[in-house]
Amino acid sequence: MRIIYFGLGWVMVALGVIGLVMPLMPGAVFLIVAAACFARSSPRFEAWLLDHPTLGKPLRDWRSAGAIPRPAKIMACAGMAFGFVVFCYSFAPSLPLALGVAAGFLACAAYVVSRPAVARQDAPI
């Protein structure tokens, strides 16, 4: 089972890195899953991911407090709103489908907004 978690961890790292540079793809979610996979398969790679200079702090904040930085919350909600507009414009869905998708996005946005925010370390006090 460890080899499956290990392989899945690396797939999630790859998707997470792609998601960090591609709009509308949530990179952080994949990196959180990657850290969880490495926790079950390779303490060395889990430590590498958690100690990474760029990716580590948000992962540690999520793990310790379920926290999402305020700029990430804003980007996530803006991305969901943009995605909904693109969906409605591209597919012209029926009203029930549009309302269902909107309800899904609103539920996800409510979850993101409800998470505690963590102040950035480099922010002025």
Exercise for the section: Using the ring pair (Phe, Tyr, Trp, His ring centres under 6.0 Å) rule, collect all pairs that involve residues 84-106, keeping only residues at least two apart or in two chains. Expected result: F87-F91
Problem - Heavy-atom check, side chain of L49 versus side chain of F45, under 4.5 Å - result: no
Practice task
Locate the shortest heavy-atom distance separating K73 from V112; write the atom from each residue and the value.
Solution key: CE-O, 3.5 Å
Problem - Contact summary for A98 and P93, nearest pair of heavy atoms - result: CB-CG, 3.9 Å
Handout entry: L20-M75 co-clustered via ILVMFWY side chain contacts under 4.5 Å
Key = no
Practice task
Spell out, yes or no, whether I4 and V11 are grouped together once hydrophobic residues are joined by side-chain heavy atoms under 4.5 Å, including indirect joins.
Solution key: no
Problem - Between CG on residue D51 and NZ on residue K57, distance to nearest 0.5 Å - result: 13.5 Å
Handout entry: Joint cluster assignment, F82 & V29, ILVMFWY side-chain distance < 4.5 Å
Key = no
Problem - hydrophobic_cluster_shared for L106 and L99, side chain cutoff 4.5 Å - result: no
Fill in the blank from the handout: Separation between OG (S114) and CD1 (I68), nearest 0.5 Å, reads 7.5 Å
Practice task
State, with a plain yes or no, whether a side-chain heavy atom of F6 is found less than 4.5 Å away from one of F38.
Solution key: yes
Practice task
Taking the side chain as every heavy atom from C-beta outward, state whether V33 and L15 have any pair of such atoms under 4.5 Å apart.
Solution key: no
Handout entry: Considering all heavy atoms, the nearest M12-A34 contact
Key = CB-CB, 3.6 Å
Completion exercise
Heavy-atom nearest pair, A39 first then E46, reads CB-OE2, 3.4 Å
Exercise for the section: Keeping the roles fixed (side chain from R40, backbone from A36), state whether a donor-acceptor pair exists under 3.5 Å. Expected result: yes
Handout entry: Least distance between heavy atoms, R70 atom then A117 atom
Key = NH2-CB, 3.8 Å
Practice task
Please check if W10 and I32 belong to a single hydrophobic cluster, counting links between Ile, Leu, Val, Met, Phe, Trp and Tyr side chain heavy atoms closer than 4.5 Å.
Solution key: yes
Practice task
Work out which heavy atom in R115 is nearest to a heavy atom in G66; give both atom names and the distance.
Solution key: NE-O, 3.1 Å
Exercise for the section: Would you check if H52 and L59 make a side-chain contact, meaning some heavy-atom pair closer than 4.5 Å? Expected result: no
